[in-house]
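Below is one structure, written out as structure tokens, with a few remarks after it.
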Number of protein chains: 2
Amino acid sequence: MVKITDVARRAGVSPSTVSYALSGKRPISDATRRRVQDAVRELGYRPHAGARTPAGRRSKVLALAVPLRSGVHVPVVTQFAVSVATAARAHDHDVLLLTQGEGEEGIRRVADAGLADAVVVMDVQLQDPRLPLLRSLPLPSVLIGVPAEPDGLTCVDLDFRAAGELCVDHLAGLGHRVVALVGSPPEVYVRRTAFARRLVQGFTSAADRHRIASTVHPCGTGRDAARAVAERLLREQPALTGVVVHNEPLLDPLIDAFERLGLRVPDDLSLTAVCPAPVAASARVPVTSVAVPSAELGTRAVHLLVRKLSGTPVPQHTLLPPRLTERASTAARAAA
Amino acid sequence: MVKITDVARRAGVSPSTVSYALSGKRPISDATRRRVQDAVRELGYRPHAGARTPAGRRSKVLALAVPLRSGVHVPVVTQFAVSVATAARAHDHDVLLLTQGEGEEGIRRVADAGLADAVVVMDVQLQDPRLPLLRSLPLPSVLIGVPAEPDGLTCVDLDFRAAGELCVDHLAGLGHRVVALVGSPPEVYVRRTAFARRLVQGFTSAADRHRIASTVHPCGTGRDAARAVAERLLREQPALTGVVVHNEPLLDPLIDAFERLGLRVPDDLSLTAVCPAPVAASARVPVTSVAVPSAELGTRAVHLLVRKLSGTPVPQHTLLPPRLTERASTAARAAA
DNA sequence: CAGCGGAGTCGAAGCGCTTCGACGGGTGAA
DNA sequence: TTCACCCGTCGAAGCGCTTCGACTCCGCTG
């Protein structure tokens, strides 16, 4: 292992000078800095993370709390995690993976042990048990998702409320008068997951604003669940012509189910979704959708965290505005 | 922050005694040990990870190199990562996420910086550029997947060769005489990904052994690719009655495509897959499959690593035997 | 009863790094 | 020419922890 004294010797300076040359915390002459940098390169020196920590108190590690609860779409979570890791690397940080079952305890442990110097928290619920901990922690954190009481916390999310509204606005603009929301699995609502609830609020209030009929149906995943919910929708709302889907893996099965019931998309039924763009684009019928920008959320979260670490004040909430992309699944309502 | 001297003061002993009481590296009287443990509990003491590292040289962190290349099924990778993280926690370790684009450099960095004290490497290719590095590293590592030259490395994987054979054996046993393998996307083979190649070998050699006709078709994902490959198969092998699928996201679309071409599963065509059990079980027609035990692989990898860290010798290769689960997608070939 | 050795504990050193205070020498102002 | 000051550098201290060597009891053995 090559250490700072090796570099110092090679560059003909003292270890502290090497440290300063690398950190830039004190002025160092160009000539010296260059010699140090050369020595670093030649020896392949890399500061030992552990040794840096006690004194300098930064581990350059971000913890990422990934709950992976049931009903949460895995690829979304993963893309998210990857974007966090990538963004973290761009800021010279690494990412420590904290999984479910550890939840609060994991965050506390990592904080106490000084393993990480900031935390990204995913899949935030309206009343999240981790919130009090996060507030009291000396570590900065950023939440993906906005809880009921976000004061004192930094949050990033897609504006799901606006996304719900946007979908309804779009359908209403096409003349649809009876709409339904097919949502995430029931357990997601029971847990009071923030984004799912917000979407429902947006959906409902926009429908009311447009004075159109609306219902909300949480729905599990899988072919059978899709069929069941489709049948139920048609039974309860025979005049239904617009559907908003907020349940990635259900998209294809649902289109199938509707077609089996004799409803073609978009001729008889217009469909919009809130989901990652690739999912919408590669569905059986490309689906008009509001994209969930997981990658951008991850990047934003890391940026915020880095700024917090450097002491820069950051906005409390960052809600990304939803953008609707029209695809083949929506059309104007056929004249009555 | 509560430190070891606080605990020592409270327990009425010296810091070194606390250290020994906690690590067990020297005999400590029961009475003292108990007092120390009480003090730890009461103060909520947790050793600072950074401070421990320089002297004791173990960071208690495992690095997980997740390449997330295109064509690799995301949920499989994720489940894998989660099982690694969970198993690591069970051994009092944390997991550092290393992503693509970092590849070799990331591993080297983490090793040099002492950020991790072992590495789990996923998605190993037959000629993997990371191998020389891993061999030369002072850190122990475990590969998920078996490269062409595995000497000096510890590897775990499903025995994909045997899995390929098992599928063919099953089909042959049901009387099928013309079979095809629908594989992973072409880029996977171009990269010479180990497991994909091995499966092909097993498939082909078993078919030869049974003296039945066989072809291999790499295939992208998505509905169109499924349709194309289905049409091609029937054109090239009109007598085809058995298909092995090694391409998770293609399963449903492929069944669809065959049915659209007038072939029902399993009446006209028997289908087996090599994929995670849940994927096979929840397909449109539950598919007879050889499970890819991602969770078990992750757990095994961590176990091996922990043993290596403790100096225990471990077997060089662990190939999990494939197990075939019969579901609704295979049946005896209809009498000619 | 002296001597030995092990159990249990302590103090001090040291891990690799950062940072604080200090120092030398050059520069510019008076 | 002198003095103040600042730039660039160095040495030493210290971060929280582990570990090494040493010391003190105390119970045995001979």
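All values reported here derive from a predicted model rather than from experimental measurement. Each chain gets a letter, A, B and so on, in the order the sequences are listed, and its residues count up from 1.
No more than 12 heavy atoms of other residues, nucleotides or ligands sit less than 6.0 Å from atom CD of A:Glu149. Atom NE2 of A:His91 sits in a crowded spot, with more than 12 heavy atoms from other residues, nucleotides or ligands closer than 6.0 Å. The environment of A:Arg46 atom CZ is dense: over 12 non-hydrogen atoms of other residues, nucleotides or ligands sit within 6.0 angstrom. Other residues, nucleotides and ligands contribute only 12 or fewer heavy atoms inside 6.0 Å of the CZ atom of A:Arg108.
Rounded to whole angstrom, the span from the CG atom of B:Asp112 across to the P atom of C:dG16 amounts to 14 Å. Rounded to whole Å, the distance from NE2 on B:His48 to P on D:dC15 is 13 Å. To the nearest angstrom, C1' of C:dC20 lies 13 Å from NZ of A:Lys25. For A:Arg58 and C:dG16, the CZ to P distance is 24 Å, given to the nearest whole Å. One atom, CD1 of A:Ile28, and another, C1' of D:dC10, lie 10 Å apart when rounded to the nearest Å. Rounded to an integer number of Å, the gap from CG of B:Leu115 to C1' of C:dG16 is 14 Å. Atom-to-atom, CG of B:Asp6 to C1' of D:dC15 comes out at 14 Å; the value is rounded to the nearest Å. Atom P of nucleotide C:dT19 and atom CD1 of A:Ile4 are separated by 11 Å, given to the nearest angstrom.
With DNA chain D read from its 5' end, the first of the two nearest nucleotides for B:Arg46 and B:Arg26 is the one closest to B:Arg46.
Listed nucleotides: D:dT19, D:dG11, D:dT9. Nearest to the side chain of A:Ser16: D:dG11. Set against D:dC10, C:dC17, C:dT9, the side chain of A:Thr17 has D:dC10 as its closest nucleotide. In the set C:dT18, D:dT18, C:dC20, the nucleotide with an atom closest to the side chain of A:Arg52 is C:dT18. Considering only the side chain of A:Ser19, C:dT19 comes nearest among D:dC17, C:dT19, C:dC17. In this structure, of C:dT19, C:dC17, D:dT18, it is C:dC17 that holds the atom nearest to the side chain of A:Ala51.
As judged by a 4.0 angstrom heavy-atom cut-off over every strand, A:Pro47 is placed among residues touching the sugar-phosphate backbone only. Across all strands, B:Thr32 comes closer than 4.0 Å only to sugar-phosphate atoms, never to a base (heavy-atom distances). Counting any heavy atom pair closer than 4.0 Å across all strands shown, A:Ser29 reaches sugar-phosphate atoms only and no base atom.
A donor and an acceptor atom sit less than 3.5 Å apart, one in the side chain of B:Tyr20 and one in the base of D:dC20.
Of the possible donor and acceptor atoms, one in the side chain of A:Asp128 sits under 3.5 Å from a partner among the backbone N and O of A:Gln125.
Side-chain nitrogen and oxygen atoms of B:Lys3 include none within less than 4.0 Å of the OP1 or OP2 phosphate oxygen of D:dC17.
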